[in-house]
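Only one structure is covered here, and it is reproduced in the block below.
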Amino acid sequence: MPVIGAPLPEPDRQTSPTTTDDRSSSVGSRIARPDGLAKAAGTARYVDDLVFPRMLHGRTVRSTIAKGTVRAVRPRVGAAEGFVVVDHRDIPGVNVVTLIEDDQPCLVETEVRHIAEPILLLAHEDREALNAAIVDIEYDEQAPLLDPAHSDVVQKRLVVARGDLDAGFADADVIIEGDYTTGHQEQLYIETNGVIAVPEPGGGISLYGSIQCPFYVRRALAVLLDLPPERVRVVQTETGGGFGGKEEYPSMLAGHAALLALEAGRPVKMIYDRTEDMLATTKRHPFRVRHRTGVKRDGTLTAVDIDILCDGGAYVTLTPVVLSRGVLHSVGPYRCDNVRVVGRAVMTNTPPNGAFRGFGAPQTQFAAEVHMERIAEELGVDPVELRERNALRPGDVTITGGRIGADGSALEVLREAVRRSDYHAKRAAYRGTGRGIGLSLFFHGSGFTGDGEKKLASEAALEVTAEGVRVLAGTCDIGQGTRTIHAQIVADVLGIPFEQVTVVDPDTSRVPDSGPTVASRTCMVVGGILQRCAHELRERLDGLSPREYHERHGSLVVSKHYEAPPGLSFDEVNYVGDAYGTYAWACDVAEVELDPDTYQVRPLRITAVQEIGKAIHPVLAGGQIEGGTAQGVGYGLIEEVVMRGGAMANASLTNYLIPTTLDTPRIDVTILEHAYEHGPFGAKGVGELPIDGPAPALLNALRHLGVDLRALPATPERVMEAMCD
């Protein structure tokens, strides 16, 4: 049992030669994070801790049907009672939540497309009176479309094709087919969504919130409120987790609070309770993935044909990006000359799905790894040997034709995980005992897909101050330790103590747009920009310390934009070329025990070997791996969103189950480091990779017990059904 207050053990690390950056004393060490003490002591201030003079509380009135039209809306409140009422007619700009497609209204005008869609806004200084207010809504209800297989409204379609598929199947000795399904998953951050909107003199607005992407919110508010961007200020408050759930959705909530604040001329706070947060906000996209694979008797893949159906929900949100990453990771970390992947995302009358850690890759790599296990079983070959035969190696090409760099590590993580877990010995010993062991091999592209980083043109800066150096970047610390790792990178390039580097909290009036805090890009991309800033700053300091320079010359600011690594190209129309500059690689080995009476699966141990280029802060990187693995255990075994009539029927912590400390197995983390030459100190992404592998490893462990399960999560009911078929 862990001892409270005892030092956390560092994950094991195995390091290959890395790209060092002159002197290094902070990078690679377990420096105390600057925000750690305040969070541990409970003095850190989150958005619900903030109070502004004359502040009102806001509430969203939502639809109770999944599809139809609104005939009438009648609030049973009056101006004399102190209520502020806002509907779509009060929007000064365009009634839209600005994102990839301008299809989602901020407030319903007439058409309702999902349950819990926002229709009316109320504000009052008394929260109890606000919640007690009654609004009558009359509808013309219609039959909703809830099954994506029956939807003909396509939100996005993608095709990746390489080689000659027919020839590949003709060359196969065996063709193996399979259908795999994954459901919704709730992000379930500790702190629910919340914002405060404050009207500013002259008609501007300031927005304080628990968010991941302040510049997304600023752009959306500027369009909704018909304001120039410079009159919209967005400040990220301390944020209690995001996992993608606070990427795009806060633009909706911010719009609601801002509309009420401008109407009232007073600050408005809107904090969701847990039920509203779970009922109304985005979830992980459900996928149905069909595989048809041609293989030789020795296990060599000759043809891979994959069809993907993605449920986008009622509006597009980030669905095209999720589908894209799902398609690009759908074959897994394997080489095959003849591939076709067709991905299709469709509309249903359910709340829109959106960003969630992994962004489509957990869904498709689940299908790929369970399918690989079935191939091994069909051929009678060892699952490890099958993966070794087909794993991508440096110099190989991906399904889009991009070339794997020298840091490609599929074989290394596979072999280390097999060795460290004693996989082969346990596979033999567990037979007939009610215990099983399974593995998954997986990878994750670091940064935005294709030319996405070029288009973002992210910017970051360093400023010399009397105390040292200040980091100016728009990326958010949502618990993962961004403040710490950025300060480490800057301190080591400049050769100054870590304590002399401070990081400015994201505030669109003070920091440049560094792009969103998503896609495993914060360390590799933004950290890389800061590294370049630090190099130039060191030259301009000309031997002086930052403090000495400031004393003699005053402030100095060095700013840089993202520069793409040389030699990368990607055709976004045909999906050909380098989808990512590099990949992080991992292998999970899961050990489980199955109760023969209750059909409950108890995870015993997960061995997680992950290659991430360079662990800037090993403890924080290990924490990301442990946390993502635990989330993956929940995704694989117990987290089930029950949808009824288009709404989440278990929108509470009472009956939406997540792993507690008692449900989480021992997680044995090993970090491998094969430097990426264009990452700061060799670093790649780590945030999303860990969630891609646990679910398939767990189901492959069940397959070792003879349970053929191809859907998530592996609840006792599903296990019983699979065993009784």
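Along the sequence shown, residues carry numbers from 1.
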With side chain to side chain contact (heavy atoms under 4.5 Å, CB included) as the test, would you mind laying out the steps for Gln142 and Thr69 before giving the verdict? CA-CA 8 Å; Gln142 302 169 20; Thr69 56; 4.2 Å; yes
Do [X] and [Y] make a side-chain contact, defined as non-hydrogen atoms from C-beta onward lying under 4.5 Å apart?
X      : Y      : result
Pro320 : Gln155 : no
Gln104 : Met252 : yes
Tyr216 : Pro516 : yes
Leu188 : Leu653 : yes
Val160 : Leu158 : no
Leu146 : Thr350 : yes
Gln185 : Phe243 : no
Asn193 : Lys246 : yes

Salt bridge (Lys or Arg N to Asp or Glu O under 4.0 Å) partners of residues 51-77, not counting sequence neighbours, each pair once: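 Checked against salt bridge (Lys or Arg N to Asp or Glu O under 4.0 Å) - neighbours excluded - the pairs reaching residues 51-77 are Arg62-Glu276, Arg71-Asp140, Arg74-Glu138, Arg76-Asp136.
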Trace of the side chain to side chain contact (heavy atoms under 4.5 Å, CB included) decision for Glu263 with Leu259: CA-CA 6 Å; Glu263 180 72 18; Leu259 288 169; over 6 Å; no
What I want to check is whether the side chains of His371 and Tyr180 have a donor and an acceptor closer together than 3.5 Å.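 Per modelled atom types, His371 and Tyr180 side chains form a pair under 3.5 Å.
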Indicate whether the side chain of Tyr575 and that of Ser324 have a donor and an acceptor atom separated by less than 3.5 Å.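 Looking only at side-chain atoms, Ser324 and Tyr575 do form a donor-acceptor pair, the distance falling under 3.5 Å.
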Please check if atom CZ in Arg288 has more than 12 non-hydrogen atoms from other residues, nucleotides or ligands closer than 6.0 Å.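 Count over threshold, so yes.
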side-chain hydrogen bond (donor to acceptor under 3.5 Å, both in side chains) with Glu640: which residues, sequence neighbours excluded?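 Partners of Glu640 by the side-chain hydrogen bond (donor to acceptor under 3.5 Å, both in side chains) criterion, ordered by chain and then number, come out as Arg718.
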Locate the shortest heavy-atom distance separating [X] from [Y]; write the atom from each residue and the value.
X      : Y      : result
Gly326 : Ile308 : O-CD1, 4.3 Å
His285 : Gln363 : O-NE2, 2.9 Å
Pro713 : Ile638 : CB-N, 3.8 Å
Asn95  : Cys106 : OD1-N, 2.9 Å
Val97  : Ser251 : CG1-CB, 4.0 Å
Gly474 : Pro214 : O-CG, 3.8 Å

For side chain to side chain donor-acceptor pair (under 3.5 Å), just list the numbers for Ser63 and Tyr139, CA-CA rounded to whole Å, side-chain angles, deciding distance to a tenth of an Å, and then say yes or no. CA-CA 9 Å; Ser63 64; Tyr139 305 98; 5.3 Å; no
Working to the nearest 0.5 angstrom, can you tell me the gap between [X] [atom1] and [Y] [atom2]?
X      : Y      : atom1 : atom2 : answer
Arg710 : Arg374 : CZ    : CZ    : 3.5 Å
Arg113 : Asn349 : CZ    : CG    : 7.5 Å
His114 : Ile65  : NE2   : CD1   : 11.5 Å
Asp513 : Thr508 : CG    : OG1   : 9.5 Å
Asn353 : Thr281 : CG    : OG1   : 10.0 Å
Leu702 : Leu637 : CG    : CG    : 7.5 Å

Check: [X] side chain, [Y] main-chain N or O, donor-acceptor pair, under 3.5 Å:
X      : Y      : value
His57  : Ile271 : no
Glu369 : Ala695 : no
Ser210 : Gly194 : no
Thr110 : Val70  : no

Basic-acidic side-chain contact under 4.0 Å: [X], [Y]:
X      : Y      : value
Lys269 : Asp48  : yes
Arg290 : Asp305 : no
Glu177 : Arg292 : yes

Only one of [options] clears side-chain contact (heavy atoms from CB on, under 4.5 Å) with [X]; which?
X      : options                        : answer
Glu248 : Ile100, Thr282, Val518, Thr98  : Thr282
Val86  : Leu122, Leu262, Leu121         : Leu121
Val289 : Asp179, Thr182, Ile306, Asp307 : Ile306

Counting the benzene-type ring for Trp, do Phe287 and Phe366 have ring centres under 6.0 Å apart?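 No: the rings miss the under 6.0 Å criterion.
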Stepwise side chain to side chain contact (heavy atoms under 4.5 Å, CB included) check, Val77 with His124: CA-CA 11 Å; Val77 298; His124 197 274; over 6 Å; no
Kindly assign one of parallel, tilted or perpendicular to the pair Phe52 and Tyr208, based on the angle between their ring planes and the thresholds 30° and 60°.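 Tilted: the ring planes of Phe52 and Tyr208 meet at 30° to 60°.
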Assess whether salt bridge (Lys or Arg N to Asp or Glu O under 4.0 Å) is satisfied between Glu186 and Lys283, documenting all intermediate values. CA-CA 5 Å; Glu186 165 64 33; Lys283 307 280 182 288; 3.0 Å; yes
